[in-house]
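In what follows, a single structure is set out as structure tokens and then discussed.
Just so it is clear: chains get the letters A, B, ... in the order the sequence lines come, proteins before strands, and each one is counted from 1. Just so we're clear, the structure is a prediction, and the values are computed from it rather than from any experiment.
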Amino acid sequence: MSQTFTPNEMMTVAAARALTNDDVCFVGIGAPSAACNLARHTHAPGIVLIYESGTLETRPNVLPLSIGDGELCETALTTVSVPEMFRYWLQGGRITTGFLGGAQIDRYANLNTTVVGPYEKPSVRLPGGGGAPEIATSCGQIFITMAHSKRAFVEKIDFFTSLGHGEGGDSRKKLGVTTKGPTKVITDLCVMEPDDKTKELTVVSLHPGVTKDQVIAATGWQIKFAPDAGETPPPNETELKVLRELHARTKAAHGGNA
Amino acid sequence: MSQTFTPNEMMTVAAARALTNDDVCFVGIGAPSAACNLARHTHAPGIVLIYESGTLETRPNVLPLSIGDGELCETALTTVSVPEMFRYWLQGGRITTGFLGGAQIDRYANLNTTVVGPYEKPSVRLPGGGGAPEIATSCGQIFITMAHSKRAFVEKIDFFTSLGHGEGGDSRKKLGVTTKGPTKVITDLCVMEPDDKTKELTVVSLHPGVTKDQVIAATGWQIKFAPDAGETPPPNETELKVLRELHARTKAAHGGNA
Amino acid sequence: MAEFLSLAQAIEANVKDGDAVAMEGFTHLIPFAAGHEIIRQKRKRLSLIRMTPDLIYDQLIGMGCAERMTFSWGGNPGVGSLHRFRDAYQNGWPNQIEIVEHSHAAMANAYDAAAAGLPFAVFRGYRGAELPRVNPSIKEVICPYTGEKLATVPAVKLDVAIIHAQKADRKGNVLLEGIVGVQKEAVLAARRSVVTVEEIVDELNPPSPNSVVLPSWTVKAVVQVPGGAHPSYTHGYYKRDNAFYKAWDEIARERDTFTAWMDENVLRKGPEVFAAHAKKVA
Amino acid sequence: MAEFLSLAQAIEANVKDGDAVAMEGFTHLIPFAAGHEIIRQKRKRLSLIRMTPDLIYDQLIGMGCAERMTFSWGGNPGVGSLHRFRDAYQNGWPNQIEIVEHSHAAMANAYDAAAAGLPFAVFRGYRGAELPRVNPSIKEVICPYTGEKLATVPAVKLDVAIIHAQKADRKGNVLLEGIVGVQKEAVLAARRSVVTVEEIVDELNPPSPNSVVLPSWTVKAVVQVPGGAHPSYTHGYYKRDNAFYKAWDEIARERDTFTAWMDENVLRKGPEVFAAHAKKVA
């Protein structure tokens, strides 16, 4: 049975599938939040979702607009202070998977959410790193979700907000970082994983209908493809239904003046 | 009107009177707890009592046997974790007056609650310092309550559990400590205060019926008396009544198997 | 002991030109009414501190109250950028603003250290990150036991902390519930503090013996301002006005629409307008 | 995820000879039933850690389960000394015990650091105190901003933390209320943890959104042992048996009265005897 879906839906579904029932996730706003909650409503009902606002094991019925929406606290197992969240829970090494995104990413999955242009005199001042610098190194692994474009997937990021695989190879190890770092970059065009050895991002599957040329055209460096890169399995009916219902509930909740 | 009272009651009453309505007290078990609660039930109803178990602004109706009796939590404004108590509240510099006591004290009000004899091979292993090392330096000032005897008031303490006035003079300042340290030592015989300059403990008042010779005989160093040392005003009727009721309630509560 | 004041009195007495001010709130309990009062009282050269500066700091900056912002994530959550902050930082309108930038972990630890009376905090942070190159206050210490290098951040230094909370009792003890962020630490870190609350009640009745309560003697002024966190929210009282956060993006995008909105909704109004948002939903 | 086990199973699976074990509780919620089970299972060479070791550590030491005690205050609160600890430490009966001594502030910070995944903690402590002379693990660091010398303590290292709590839900999430001490930190610091609870309930229903809750995935084993904290107490369930603490002074003073009491009340009994103390008073 074939269904139409948007590239963004494909990205969210692919991210959701990468999560397991045993994961403890540090969730960001936007696509990560949609992916984590989709996973929770489908194949991973036991997944633990943590938002940096302090909400532990939350089960939101609608997606939060902000990282600290009331919905997150009301449906949480408990809510801790922000210092405790960053000290006992994130730095304490209790998170299996953290989500990140950014304005720019390079071939080693290093991210920039700080500035476009030089730091001191940026052409665009972005919101900044927030939790990213420590999420990038404290979580067991990192999933990155981003819209795929040449503006975002660049040869050289303007600022190293958070560490991916540094300059590749054993960069993380040399910095004394023991966690895996980015293990998947999921875009609206494809899924990438770092090469085992070089740590350079490599396309491992193309979303249905997406060509290699599209990916090449949307990437600012000479992107590599795994020899066995196939097609990302499309979203199934249940996934699309659950995701769309989630978005519909969210829109209804946020649109009005509650 | 004259009333009989015990030396211990006099000690507790004298300690209570030294407290004001504006004090925030770090209370210890025993005489300090009795003194603080006596003050709260008489001239200082607004005094804030904090026990190191985490209970903030507690109003026990009976005296606790331990530092963490349920009564303390049940009557507290709120109860925080023990790390928070020692970090935000004690080290944070929010306590005006802390209480200490010990097995041994010297002329500079340094205290030993650790060992009698050498540390490695003590003749008596005492419970140890507990909160004392940091109470002694973090509270605005320290009151010490102890039964007066030659065994306790010694020329040289066997172990420096907590700092009083060190070797006298500006010892505290030299150690980088900015708080006042012991400002009163209240015993069952007299009240002592450190000399302004030398910081040596000096008797400022003798409890009713106590002679200088008694104090001299109960002190292991050549104790000094202030030129204007007079008599400690005896407990008044209200103080004795409130204190005895407090002890009676306490005895009734702790005696039985609740 | 906390004093009960009007909002105008509380800000007048506790916020001075040039002060280091934290108006904290992690999405929840953001003290908007107090921020508006600071704007009406035309405070200048404030050094604004906050982990997640959002609309209220955008408003303060756009109205020329600030000269510095210390932060870890400055944006309109889920919506986009802070246009007034950007305009000040990139174009100097209405005045140039300096920034001191940290990560969340660093800021959270800096508040915690200040509440604990320490001069600095130690954390495992910034590995492979570039911020230490541009922020000289990020340093490191070596663990005396393992030899591990760890990052340090100086404790925040605050003249005044301003927060919003659910309620205070008549002695001025304050109860916070829900997403409590770093508000307790901010109050304990500051020399002075102003707390706006939804309600003043006879008895605080915290639901748990371990509820988050600030004793009256840690607070300088308590002010009742129902709805005072709008368009942020107060757990148990009213929800986040997500539609307003989205609308702000348009209002703040241009200088003239911003100025007109501030004139109509802040300068010509008082804290009583917040009451319209203060319905108790719990 | 926490497993639901019998007390014997939980101790068997999680406490090994030679382990570093914290059975925490600051007067409140002391896991006596679990301690008795360790004695019945004849664990040896335990390294016992606790801020305020009291009767249960006196019992473990007197029964020969321990070879080391790390602590900051070791006594029978409000009553006097721990006679069995003293006899072991001073006279080597039933075996010699080594001590590692800190202050409360140091221990509290050491738990906090371990929970936070740090190798050490910084605090303003031990000034003018002698403990640093006899405990080589007390060191110092210099604040990189102010030059102030501050004390350090290594993070506690625990194989297993054992605590008692009010209740768990059927997933194994645990609620603690009242004087919560360093129990949360102990569990988060430990590789394994055993939690005994008064009740197992369908829904945890914490009274506050900020209640102290340990998620199931931070706990290894949950065991229902009503009354399991006696003669300590459980807030909301039963009071501290102060009379027993006083009686212990006599029981433990001599080796033979101690041995007889342990034989009758621990070795010949099981955890079910604690149920007699488990009346809910709230």
Per-residue tally against chain C (heavy atom, under 4.5 Å) across D/Ala121, D/Ser137, D/Ala116 peaks at D/Ser137

Largest heavy-atom contact set with chain C, pairs under 4.5 Å, which of D/Ala155, D/Pro206, D/Ala113, D/Gly117: D/Gly117

The salt bridge (charged side-chain N to carboxylate O under 4.0 Å, His left out) partner of D/Asp19 among D/Arg192, D/Arg45, D/Arg191 is D/Arg192

Would you tell me whether [X] and [Y] have side-chain atoms, one donor and one acceptor, within less than 3.5 Å of each other?
{"X": "C/Gln183", "Y": "C/His164", "result": "no"}
{"X": "C/Tyr233", "Y": "C/Thr27", "result": "no"}
{"X": "D/Tyr126", "Y": "D/Glu140", "result": "no"}

[X], part contacting chain C, at a heavy-atom distance under 4.5 Å:
{"X": "D/Val141", "value": "side chain"}
{"X": "D/Leu176", "value": "backbone"}
{"X": "D/Thr146", "value": "side chain"}
{"X": "D/Glu177", "value": "both"}

Counting heavy-atom pairs under 4.5 Å to chain D, which of C/Leu150, C/Thr152, C/Val122, C/Leu118 comes out on top? C/Thr152

Does the plane of the ring in C/His277 sit parallel, tilted or perpendicular to the ring in C/His230? Use 30° and 60° as the thresholds. parallel

Aromatic ring proximity, centroids under 6.0 angstrom, C/His104 and C/Phe26: yes

The interface call for C/Val212 against chain D, heavy-atom contacts under 4.5 Å, is side chain

